[in-house]
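Letters A, B, ... are given to chains in the order of the sequence lines, protein chains preceding strands, and every chain is numbered from 1. This one's a predicted model, so the numbers in the text were calculated from it and none came from an experiment.
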Amino acid sequence: MDKVISLTENYEFRRVYAKGKSAVRPAVVVYALRRPGKDVRVGITATKKIGSAVERNRARRLLRESVRTLWPRLRFGYDFVLVSRGKTPHVKCGTVLSEMTDAMRALSVLREEVER
RNA sequence: CGAGUAAGCCGGACAGCCGCGGGUGUACGCCGAAAGGCCGCAUCUGAGGAAAGUCCGAGCUCCACAGGGCAGGAAUAACGGCUAACGGCCGCCGGGGGCGACCCCAGGGAAAGUGCACAGAAAUAUACCGCUGCCGUUUGGCAGUAAGGGUGGAAUGGUGCGGUAAGAGCGCACCGGCGCAAGGGAGACUUUGCGGCCAGGUAAACCCUAUUCGGAGCAACACCGUGGAGGGACAUACGCGUCGGCCCGGCGCGUCCCGUGGAGGUGGCUUGAGCCGCGCGGCAACGCGCGGUCGAGAAAGAUGGUUGUCCAAGACAGAACUCGGCUUAUAGGCUUAGUCGCGGC
RNA sequence: GUGGAUAUAGCUUAGUUGGUUAAAGCGCCAGUUUGUGGCACUGGAGACCGUCGGUUCGAAUCCGACUUUCCACC
């Protein structure tokens, strides 16, 4: 269980939006929903509000890179949805990573925080 | 040296580590009846000049379609060539702009017809003022006249001389336009000569002429297809449900085959009117020959992160079936060839 | 991928087809009325018609390119 599974279908995103908890930071919004099983699944979105195709790609890549760094610390059995915001493509990767870590801590889905 | 013109090119570079998509090869292990797949490793490879807008033209696929004409609709518009084709490109002609290199032009037809237009007397048919003649003589009436005034973007070809009552291509010279003939050119066209003055603009107004045009789009389309609707065969031996109080009997549940196809999957999917080099033909677009080469192919959708060095400190911007163009966005830089100005030898 | 519509005063719309003057309502400003305000009445300002270019004597209108917003179909 060491590979990120993507959320694909629209109903999965809707379920996380409707029933999950959220944390908002200037460059990222994190939704998290507990579900049965040990898989961790992640969905990344960038709407047309973000900008052109280049800017949307940039936002997605930053979020994906951040979640790759953060991956070993996540608790099992959660669905995550990461939403990019208008600032996301114009920000450095370290900023996204720290904001995402902060949001995850606020949702108490990081493994080390629970074990402590 | 400065200014400007045209054509072409580049679109941060290099290295280390971590990570991602695809192709090929493959050990152990795991899954699977098998084919094969997963994980791992090695190796090769991985966005653009516009990938964009979707404005044109094609390939490809499916649908429709006996042949011909008219009407209607859309697009294009000098001429010659290039191209698979084009509304594209090249050359050239005509017109316009620039001192020049050079640039720009939807550039057929207004003597087929209709419509339109402030002002102005009048816009293709006309006399308001004026000028001249005659009549009347008080204002005036009739006729001639486009030289002048005024209006307008445009006023009966322009300028000058003659001519005339005053005028007028009425006559002449030059210029402009039109027609005819001859010479040149592949042609648009051009040069020369002659003729006579007949002909306002607008067709990106209707229209006329010539040419071209069937429709839809990779979410096309083809194949597989648990479930579901349909048809057939077998078994109707057993069991269950149903019609019924019960029996016989009928129907459904079962197996196999045919066929339709929702979800899903696979193909279409990248080797092509390809790219690079050399030679030849052509003013050029381009063509021909020879040699070399393979440069993305995903399916929630791959190029990112970080560290270091360098410089001019990195603009516009991300493939989604594929090509040929057009249009639009674009920091900065490089190369080549002309032009103009200034200075020096 | 394909097709269509939209842009006009601060706001909501006419005018566009068929060329020469941009009209209306609400709002805004000033005045009249009223003890004051509203209502009512009178008057006024406010637009170079999304941007750029072209055709024409003349363009909101015709033509081309671009931009914005919205819609439909597969």
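Contact annotation: A/Arg64 does not reach the phosphate of B/rA300 (side-chain N/O to OP1 or OP2, under 4.0 Å). Taking side-chain N and O atoms only, A/Arg58 has a distance below 4.0 Å to OP1 or OP2 of B/rG305. Considering only side-chain N and O atoms, A/Thr45 lies nowhere under 4.0 angstrom from the phosphate OP1 or OP2 of B/rA300.
With a glycosidic angle no more than 90° from 0, B/rG295 adopts the syn conformation. Glycosidic conformation, C/rU51: anti, with the torsion outside 90° of 0. A syn orientation is assigned to B/rG49, its glycosidic angle lying within 90° of 0. For B/rU139, the glycosidic angle deviates from 0 by 90° or less, giving a syn base. Classified by its glycosidic torsion, B/rA6 falls in the anti category, the angle being over 90° from 0.
Of the candidate nucleotides B/rG304, B/rA319, B/rA47, B/rG304 has the atom nearest to the side chain of A/Glu65. Which of B/rG318, B/rU306, B/rG19 sits closest to the side chain of A/Cys93 comes down to B/rU306. Proximity note for A/Val54 (side chain, C-beta onward) versus B/rA317, B/rG304, B/rA47: the nearest is B/rA317. The side chain of A/Arg60 lies closest to B/rA302, out of B/rA302, B/rG305, B/rC18.
Comparing B/rG109 with B/rA203, their P atoms are spaced 11 Å from each other, to the whole Å. A distance of about 9 Å separates the P atoms of B/rC90 and B/rG8, rounded to the whole Å. Nucleotides B/rG152 and B/rG57 place their C1' atoms 48 Å apart, quoted to the nearest Å. Rounded to the nearest Å, the gap between the P atom of B/rC256 and that of B/rG225 is 14 Å. Rounded to the nearest Å, the gap between the P atom of C/rC39 and that of C/rA72 is 41 Å. Atom name P, nucleotides B/rA216 and C/rU2: the rounded distance is 11 Å, in whole Å. Between the C1' atoms of C/rU55 and B/rA205, the separation comes to 12 Å (whole Å). Taking the P atom of each, B/rG267 and B/rU24 are spaced 12 Å apart, rounded to whole Å.
Taking CE of A/Met100 as the reference point, atom CG of A/Leu82 lies at 5.0 Å (rounded to 0.5 Å). Between the CZ atom of A/Arg58 and the SG atom of A/Cys93 there is a distance of 7.5 Å, given to the nearest 0.5 Å. Atom CZ of residue A/Arg56 and atom OG1 of residue A/Thr45 lie 11.5 Å apart, to the nearest 0.5 angstrom.
Side-chain N/O atoms of A/Arg61 and base N/O atoms of B/rG318 include a donor-acceptor pair closer than 3.5 Å.
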Identify every side-chain donor-acceptor pair in residues 17-36 of chain A under 3.5 Å, counting partners at least two apart or on other chains, and give the distances.
| residue | atom | partner | partner atom | Å |
| --- | --- | --- | --- | --- |
| A/Arg25 | NE | A/Asp102 | OD2 | 2.9 |
| A/Arg25 | NH2 | A/Asp102 | OD2 | 3.3 |

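Ranked by how close their nearest RNA chain B nucleotide is to the 5' end, A/Glu55 and A/Phe13 are led by A/Phe13.
Using Watson-Crick or G-U wobble geometry with both donor-acceptor distances under 3.5 Å, B/rG144 finds its partner in B/rC131. Using the Watson-Crick or G-U wobble rule with both distances under 3.5 Å, B/rG241 pairs with B/rC251.
Remark: the backbone N or O of A/Arg105 is not paired with any side-chain donor or acceptor of A/Ser108 at under 3.5 angstrom. At least one donor-acceptor pair under 3.5 Å links the side chain of A/Glu55 to the backbone N or O of A/Ser52.
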